[in-house]
There are 2 protein chains.
Amino acid sequence: MTTQHERLLIGGKPLRADAERTVRTILEAAERVLSADPTATMEQIAEAAGVARTTVHRRFTTREALLDALTRWATGQFAAAVDGAISDAAPPAVVLYRVTADVLRVKIGWGFAMTRAAGSADPEIARVHADVLEKCDRLFRRAQATGLLRPDVDIEWARRCYYALIHEVTQGHSPESDVDALTTLIVDTLLRGLGTDSRFA
Amino acid sequence: MTTQHERLLIGGKPLRADAERTVRTILEAAERVLSADPTATMEQIAEAAGVARTTVHRRFTTREALLDALTRWATGQFAAAVDGAISDAAPPAVVLYRVTADVLRVKIGWGFAMTRAAGSADPEIARVHADVLEKCDRLFRRAQATGLLRPDVDIEWARRCYYALIHEVTQGHSPESDVDALTTLIVDTLLRGLGTDSRFA
DNA sequence: CCGACTTGCGTCATCGTTGTCGCAAGTTAT
DNA sequence: ATAACTTGCGACAACGATGACGCAAGTCGG
């Protein structure tokens, strides 16, 4: 389990309290600003964070470095959420519900960083996401084995639908949403669909 | 029904044959390049189109103008596809299938322009999309009335799921896909979901 | 309290992108 | 054939964003 106080910068020495706060403030501002406009400048980010532009550059040498740090930070949170919720022992339905809720909690508010992380060039980040993807597929296979998913359903398609629904819910979101309600909505829709039981044609 | 030869530039006089070809080539290149990297430069687009950078600027004064033209072009195709497929007379299931297939045919290959169009500032484009949205909701309401959709389903949520699935399918796509198969997959998943008929818990 | 650290500010150099222009060569339509 | 149009090329100016400084003032930790 990744703690809340994990190191923010990778290579550096431990930061002083105020500096660490600044870094976190910058990352949060970056997420906010960049999710609204991915081409936002360092100046806009600095302004949103309430710090001078030079301070941002002090903490993140290049723009790339800032983006990478943001991605790494979000990916850490994401992996922690998944690892904490997934289990090969509990019933697939329970796990699906739990992991969905926990992922939503992280992904709402870190949409930009998470979206960017998905196709990252960084091998470390790519590995984490491939890992999560594998865990997801295993969960779905287990769901299929226990009869939760229909036997004829393609696992990859199931995962793509699942990801798509999660992505949809976490886009353009109001401040505080009822995660549990959204979770129910997603899992319910994924399993039952929106149509009546009687098939057409 | 919008023809293939409709005017590409709005305000301008009719273009000579070679110029119109160039404009189309540039738009296609822009879609390709920008879908891979939304921050791509005019030079990269020009290179992909096989023309000089100055030629791009000759046809589209500013970067904005190019983006707008791209968006307008895609929106036109999109609206035509929807208008041609939707109907208040035919059974909702049939319409849903037909409109999905036609939209997919347009949206595959014009993903960047379409995604950008969704939240456009241009009132004309926004109106078209609001129009399509309204048509979609009406279709779903009719589907609900005829028992295709469950009565308890929220129409807005249904539309969001539908859009999300279409978006998912049209992202990162190989050259030639079987549109009919994808359409079946989408509609089927939307209505039936992926789970077994017997509910859990 | 004192040393180390951090921040804001102003400044500077650099770079890439954008957008414009004129000219020569090639293409299109009549 | 000829006049109008289009394109490529090279060059240019302007602009914004990036990134690096040093310095003075403020803050943190022992």
Side-chain angles (χ1 to χ4, degrees), chain A residues 5 7-71 73 112 116 121, chain B residues 4-5 7-71 112 116 121:
Chain A
H5 294 285
R7 188 65 19 75
L8 280 176
L9 261 24
I10 351 79
K13 311 165 183 176
L15 294 173
R16 223 173 65 179
D18 53 352
E20 187 153 340
R21 234 171 322 175
T22 303
V23 168
R24 188 171 256 104
T25 304
I26 292 174
L27 286 178
E28 286 164 359
E31 165 61 35
R32 252 178 300 130
V33 172
L34 291 172
S35 67
D37 174 17
T39 72
T41 66
M42 300 290 264
E43 182 132 41
Q44 293 175 269
I45 296 172
E47 187 187 352
V51 300
R53 188 176 65 89
T54 46
T55 301
V56 179
H57 273 109
R58 231 190 300 268
R59 292 306 163 196
F60 307 97
T61 323
T62 71
R63 186 174 214 276
E64 268 298 291
L66 170 57
L67 276 286
D68 284 359
L70 186 60
T71 305
W73 166 253
F112 171 80
R116 190 174 181 280
Chain B
Q4 282 286 92
H5 292 284
R7 186 65 19 74
L8 278 176
L9 258 26
I10 351 76
K13 313 165 183 177
L15 294 172
R16 224 174 63 180
D18 52 351
E20 188 154 338
R21 236 172 319 175
T22 303
V23 168
R24 191 165 308 236
T25 304
I26 292 174
L27 286 178
E28 287 165 0
E31 165 62 36
R32 253 179 298 131
V33 173
L34 290 172
S35 68
D37 173 17
T39 72
T41 67
M42 299 291 262
E43 180 132 40
Q44 293 174 267
I45 295 171
E47 187 187 352
V51 300
R53 186 177 65 89
T54 46
T55 299
V56 178
H57 272 108
R58 230 190 302 268
R59 293 305 162 196
F60 307 96
T61 322
T62 72
R63 185 175 214 274
E64 270 297 293
L66 171 57
L67 276 287
D68 284 359
L70 187 60
T71 305
F112 171 80
R116 189 173 181 280

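This structure is a prediction, so every number in the text was calculated from the model and none was measured. In the text below, chain A, chain B and the rest are named by the order of the sequence lines, each starting its count at 1.
Between the CZ atom of B/R58 and the CD1 atom of B/I26 there is a distance of 10.0 Å, given to the nearest 0.5 Å. In this structure, CZ in A/F60 is found 11.5 Å from OG1 in A/T55, a value given to the nearest 0.5 Å. Here B/I45 contributes atom CD1 and B/R63 contributes atom CZ; the two are 5.5 Å apart, rounded to the nearest 0.5 Å. A distance of 5.5 Å separates CZ of A/R59 from CG of A/L15, quoted to the nearest 0.5 Å. Atoms CH2 and CZ, on A/W73 and A/R24 in that order, are 4.5 Å from each other to the nearest 0.5 Å.
Residue-to-nucleotide contacts include no donor-acceptor pair under 3.5 Å from the side chain of B/R58 to the base of C/dG19. A donor-acceptor contact under 3.5 Å links the side chain of B/R53 to the base of C/dG19.
Residue B/E47 places its CD atom among 12 or fewer non-hydrogen atoms of other residues, nucleotides or ligands, all under 6.0 Å distant.
Here B/T54 lies in heavy-atom contact (under 4.0 Å) with a base.
Distances shorter than 4.0 Å separate some side-chain N or O of A/T22 from OP1 or OP2 on C/dT7. Look at B/T55 and you'll find a side-chain N or O under 4.0 angstrom from OP1 or OP2 of D/dG8. Listed pair B/R59 / D/dT7 meets the phosphate criterion, a side-chain N or O lying under 4.0 Å from OP1 or OP2. Contact between the side-chain N/O atoms of B/T41 and the OP1/OP2 oxygens of C/dG16 is not found at any separation under 4.0 Å.
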Shorter than 3.5 Å, N or O on both sides, protein versus nucleotides 28-30 of chain C: list them out with atom names.
unit_1, atom_1, unit_2, atom_2, d
C/dT28, O4', B/R16, NH2, 3.3

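Look at CD on B/E47: it is 14 Å from P on C/dT18, rounded to the nearest Å.
Checked by atom type and distance alone, the side chain of B/E43 never pairs as donor or acceptor with a backbone atom of B/R53 at under 3.5 Å. The main-chain N or O of A/T41 is found under 3.5 Å from a side-chain atom of A/Q44 such that the two form a donor-acceptor pair. Looking at A/E31, its side chain never comes within 3.5 Å of a backbone N or O of A/L70 through a donor-acceptor pair.
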**Asked** Pairs counted as Watson-Crick or G-U wobble with both distances under 3.5 Å: what dot-bracket string results for DNA chain D, using | for bases tied to another strand?
**Response** ||||||||||||||||||||||||||||||
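For A/A52, the listed nucleotide lying nearest its side chain is C/dG8; candidates were D/dG19, D/dG8, C/dG8.
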